[in-house]
Engineer: 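Can you read through this structure? Questions will come right after.
Start at 1 and go down the list; that is how both ligands and their atoms are numbered. Since the structure is predicted, the reported quantities are computational estimates derived from the model, not experimental observations.
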Amino acid sequence: MTEPFYVTTPIYYVNDKPHIGHAYSTVAADVLARYARLRGRPTRFLTGTDEHGQKIEEKATSLGEAPQAFVDRMSPPFEEAFRELDCSFDDYIRTTEKRHEEKVQELWRILEEKGDIYLGEYEGWYSVADEAFITEHDLEQLDEATRKQVKRVKEESYFFRLSAYQEKLLAFYEANPTFVQPEGRFNEVKSFVKAGLRDLSISRTSFRWGVPVPGNDAHVMYVWLDALTNYISALGGPAKEGEAPLFDRFWPPGADVVHIVGKDILRFHAIYWPAFLLSAGIEPPGQVWAHGWLTINGEKMSKRLGNFIPPGPLVEAFGADVVRYYLMREVGFGQDGDFAHANVLARYNGELANGLGNLLNRMVASIVKRSLGGVVPEPGPEEEIDRELVATAERCAKQAAAHLDAVAPHRALDATWELVSAANRYVDRTEPWALAKDEAKKERLARVAYSVLEALRWLSVMIAPFMPKKADALRTQLGLEALSPSEGEDRWPASWGGLPAGTKTAPGTPLFPRIDKKDEKAILEKLGVGAEGVVAEGDGAGDEGAKKDAAGKKAKSKKKGDAGKKGASADGDGYLAFDDFLKVDLRVGLVKEAEAIEKSDKLIRLQVDLGEEKPRQVLAGIREHYAPEELVGKRVVVVANLKPRKIFGHESQGMVLAASDDAHGLSVLGMEKDIDPGTKVS
Ligand code: MSP
């Protein structure tokens, strides 16, 4: 695809410091930008800060600072946070910049010329926290703290004739059926518009911190009209053709535009923004993608609670790539999700260290180095199992691309990790270490090693939008150059065999060194995550005002382990995603004690050694098939991460797997060999 691609994030209010929710929007946009560049598309990625409005003026005043000095201090940490997260934005816009203010005024004049702006009086409610005019009904829906910030306003105001755009918007939605994603949210938008639109107040007179209304200095513009315009002002628009090359190139009709926004600000983007643009005779963007909200270790993240976590320390602890990977992997894009520190560690060790890291290690640092002189071999003849791996790679790469095209980064990662698992399985089945011992199997070894190295090369591209540094580190170990996207050149892997034989590999430090239990503890402590999985209360914006906001409220304590564990669920196609399967923690257990439960003819209470400090108590409904004493000393398979529950007044801390049929009755799953208790079953 060669159509230019323009992706944007919301511009962030600078009344607080950047947190992981902001990072989420920006990382998602960055993944799309990096992917588009890899596909050779002319790409532009914009982020920035939203610096005007009553909320910011009030915050600055409460700190005794001039608004301009305040925003000048508060904006750079956002840019730094996004750079630390390796976000590759081409432009960072601040709404207090002249280039922006001028364009906002220009847009105002255009709307005015169209006859869509008139002077009137606004009487009603205004939520300073949301910078939104709200109805009586909205007011009732707000939580108490936000309601406190809602003001009654009665003042002269300019209005935009939004009511005149109801039909035009509906027609526009009809003609652009994927304008808002996910689809469910689009339906909400349409219903809202169908219910009727009222004219929108677009100026204020009771405070000063905003872009002055052209021709009437008593008014400053409504901050959302100001803010939304950033998407075009950063390109030099509004502008006539030929006046602003970036606008000509990266705004429709010539370009494909995606605004990434949080679900809370969809209404502004899906209704007001296209209405302003339709009025101005400018084509609206192609798509507004509304993502969900993150909670932290199961708690709602709130500025008032002060439990929002800055991305910086996470980047320091795990590295930018891992944080990016986790954010994109954990939460289905478009849905709400949880950021749980314990899950970052679990995914790190499970998917990155044991999955991809291990694949690289066992091949490059082990087989190729020891048995092939560290060089990519000339592959021998292909066998069926090799062809299967190629087919899997082709399917996964195609699927990952299709998912990224459809803004489903989590699914792209699913597809990518399917290849990681397939390649690891291929190594297990082909046993290259055994081939290496047999001189007669040298040719076969060469083919097996080549297949894995080529799969790793493909993976280095597929992970690049998510983990750009790790992608290049992986390539370095394969002896390849860093990925360098170039317009017009599609770098997505498509044809097998691109890795040249003879390439000298460069085994280095493990891509994802395993984090052991001791280090896990140290990391969590450093991040201020207590034993209970609760983030210690942060200091909000790190200034007096935020401390006041926090008002001494502590985040409620919550059990570690509960947090963020979503139920494993089958996809719409009836398959269980591999990662969902991985969420089930299956362990080898050694039965130490077993006794029948009184008053139950089914239940046996087992004490099972899972390699932990204490044996686990597990209740199993197997008494009709086993005498308790038969079970002692047996190795069984236990689901170790089931939520504990009470059965007959006894807590069961796991589940023993078994199968039954009519002919044989029930049989508990055992182990053929004496595998150590606690060993993971996979
Ligand atoms: N300034 C406006 C946007 C103007 S765009 C023309 C604004 N700023 S914000 O700083 O309050 O929020 C910016 C983005 O961060 C929103 O998309 C919001 O959804 C997102 N998030 C804030 N907290 C979040 C979470 N807890 N989780 C995920 N995203 C969240 O709104």
Side-chain angles (χ1 to χ4, degrees), residues 7-29 46-56 59 71 74-75 77-78 81-82 93-96 100 103-104 107 127-132 146 149 185 210-211 221-234 257-274 276-277 285 288-311 327-328 330-340 535 538 540-541 549 555 564:
V7 60
T8 67
T9 72
I11 47 172
Y12 302 96
Y13 286 132
V14 291
N15 58 314
D16 269 311
K17 285 195 170 172
H19 59 63
I20 199 76
H22 305 134
Y24 184 64
S25 297
T26 312
V27 166
L46 174 72
T47 189
T49 45
D50 190 352
E51 305 187 358
H52 288 129
Q54 192 167 3
K55 176 157 68 171
I56 285 165
K59 184 65 176 265
V71 299
M74 296 298 279
S75 177
F78 280 86
F82 300 148
I93 191 156
R94 297 183 49 191
T95 54
T96 50
H100 171 75
K103 286 294 168 186
V104 178
L107 180 66
S127 163
V128 178
D130 299 319
E131 294 285 15
T146 314
Q149 292 191 43
R185 300 229 171 264
V211 180
M221 279 186 217
Y222 175 39
V223 67
W224 270 101
L225 171 57
D226 165 358
L228 288 162
T229 309
N230 92 91
Y231 300 128
I232 54 173
S233 70
V257 178
V258 177
H259 294 319
I260 299 291
V261 302
K263 63 180 185 182
D264 53 316
I265 55 173
L266 179 59
R267 190 182 293 188
F268 303 94
H269 285 82
I271 301 172
Y272 301 169
W273 182 225
F276 296 150
L277 291 170
V288 178
W289 233 104
H291 65 66
W293 267 51
L294 295 180
T295 49
I296 303 296
N297 294 316
E299 294 284 346
K300 188 166 173 229
M301 182 162 44
S302 116
K303 289 167 188 169
R304 271 171 231 104
L305 275 180
N307 70 339
F308 62 95
I309 44 174
L327 287 175
M328 293 297 102
E330 180 71 22
V331 185
F333 203 65
Q335 286 156 17
D336 290 338
D338 189 53
F339 185 100
V535 186
D549 280 353

Engineer: Does the side-chain contact (heavy atoms from CB on, under 4.5 Å) test come out yes or no for V71 and T49, once each step is laid out?
Structural biologist: CA-CA 9 Å; V71 299; T49 45; over 6 Å; no

Engineer: Taking atom 17 (O) of ligand 1 as the point of reference, which of G262, A23, A129 owns the nearest heavy atom?
Structural biologist: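 Looking at heavy atoms only, the winner is G262.
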
Engineer: Kindly assign one of parallel, tilted or perpendicular to the pair F78 and H22, based on the angle between their ring planes and the thresholds 30° and 60°.
Structural biologist: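 Rings of F78 and H22: tilted, 30 to 60°.
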
Engineer: Show me which atoms of ligand 1 lie under 4.0 Å from any heavy atom of H269.
Structural biologist: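 Close to H269: 5 (S), 6 (C).
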
Engineer: Decide whether the shortest distance between a heavy atom of W224 and an atom of ligand 1 is less than 4.0 Å.
Structural biologist: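 Yes.
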
Engineer: Distance under 4.0 Å to a non-hydrogen atom of H22: what atoms of ligand 1 satisfy this?
Structural biologist: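 Near H22, meaning under 4.0 Å from one of its heavy atoms, ligand 1 has 10 (O), 15 (O).
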
Engineer: Should K263 be counted as touching ligand 1, given the test is an N or O pair under 3.5 Å?
Structural biologist: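 Not met; the criterion fails.
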
Engineer: So if I count the atoms of ligand 1 from 1 in the order they appear, which ones are less than 4.0 Å from some heavy atom of A227?
Structural biologist: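 The atoms of ligand 1 under 4.0 Å from a heavy atom of A227 are 6 (C).
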
Engineer: Could you work out, with ring pair (Phe, Tyr, Trp, His ring centres under 6.0 Å) as the rule, every residue matching F82, not counting sequence neighbours?
Structural biologist: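 So F82 forms a ring pair (Phe, Tyr, Trp, His ring centres under 6.0 Å) with Y12.
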
Engineer: Decide whether an N or O pair under 3.5 Å exists between Y231 and ligand 1.
Structural biologist: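 Min N/O separation from ligand 1 is not below 3.5 Å for Y231.
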
Engineer: Is there a donor-acceptor contact under 3.5 Å from the side chain of Y222 to the main chain of E131?
Structural biologist: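 Checked: pair present.
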
Engineer: Going by the rule side chain to side chain donor-acceptor pair (under 3.5 Å), which residues pair with W289 if we only count those two or more places apart in sequence or in a different chain?
Structural biologist: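 So W289 forms no side chain to side chain donor-acceptor pair (under 3.5 Å) with any residue.
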
Engineer: Measure I265 to ligand 1 on non-hydrogen atoms and call it side chain, backbone, both or neither using the 4.0 Å cut-off.
Structural biologist: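 Contact part for I265 vs ligand 1: side chain (C-beta onward).
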
Engineer: With nothing but distance in play, are any N or O atoms of K55 less than 3.5 Å from an N or O of ligand 1?
Structural biologist: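 No, K55 has no N/O under 3.5 Å of an N/O on ligand 1.
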
Engineer: I need the contact type for F268 against ligand 1. Using non-hydrogen atoms and a strict under-4.0 Å cut-off, is it side chain, backbone, both or neither?
Structural biologist: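 Neither part.
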
Engineer: Taking the six-membered ring for Trp and the single ring otherwise, decide whether the centroids of H19 and F339 are under 6.0 Å apart.
Structural biologist: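 Centroid separation for H19 and F339: 6.0 Å or greater.
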
Engineer: Can you find a pair of side-chain heavy atoms, one from Y24 and one from F333, that are under 4.5 Å apart?
Structural biologist: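 Sidechains of F333 and Y24: in contact.
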
Engineer: Please determine if L228 has a nitrogen or oxygen closer than 3.5 Å to a nitrogen or oxygen of ligand 1.
Structural biologist: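 No.
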
Engineer: From the options D50, D264, D16, L294, select the one whose nearest heavy atom is closest to atom 19 (O) of ligand 1.
Structural biologist: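 Looking at heavy atoms only, D264 sits closest to atom 19 (O) of ligand 1.
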
Engineer: Under a plain distance cut-off of 3.5 Å, with no hydrogens placed, do H100 and T229 share a side-chain donor-acceptor pair?
Structural biologist: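 On atom types as modelled, these side chains do not qualify, holding no pair under 3.5 Å.
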
Engineer: Need the ligand 1 atom indices (1-based, order shown) with element for anything under 4.0 Å from a heavy-atom of G292.
Structural biologist: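 Matching atoms, with element in brackets: 28 (C).
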
Engineer: Are T295 and D338 packed together at the side-chain level, in the sense that at least one heavy-atom pair is separated by less than 4.5 angstrom?
Structural biologist: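 They are in contact (side-chain heavy atoms under 4.5 Å apart), so the answer is yes.
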
Engineer: Could you tell me whether ligand 1 has any atom less than 4.0 Å away from a heavy atom of H291?
Structural biologist: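 Heavy atoms of H291 do come under 4.0 Å of ligand 1.
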
Engineer: Mind checking whether V211 and H52 have side chains closer than 4.5 Å, heavy atoms only?
Structural biologist: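 Result yes, sub-4.5 Å side-chain heavy-atom pair found.
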
Engineer: Check whether any heavy atom of E131 sits under 4.0 Å from an atom of ligand 1.
Structural biologist: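 Outside the 4.0 Å threshold, so no.
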
Engineer: Taking distance alone, with no angle check, do I11 and ligand 1 share an N/O pair under 3.5 Å?
Structural biologist: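 I11 vs ligand 1: N/O contact under 3.5 Å present.
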
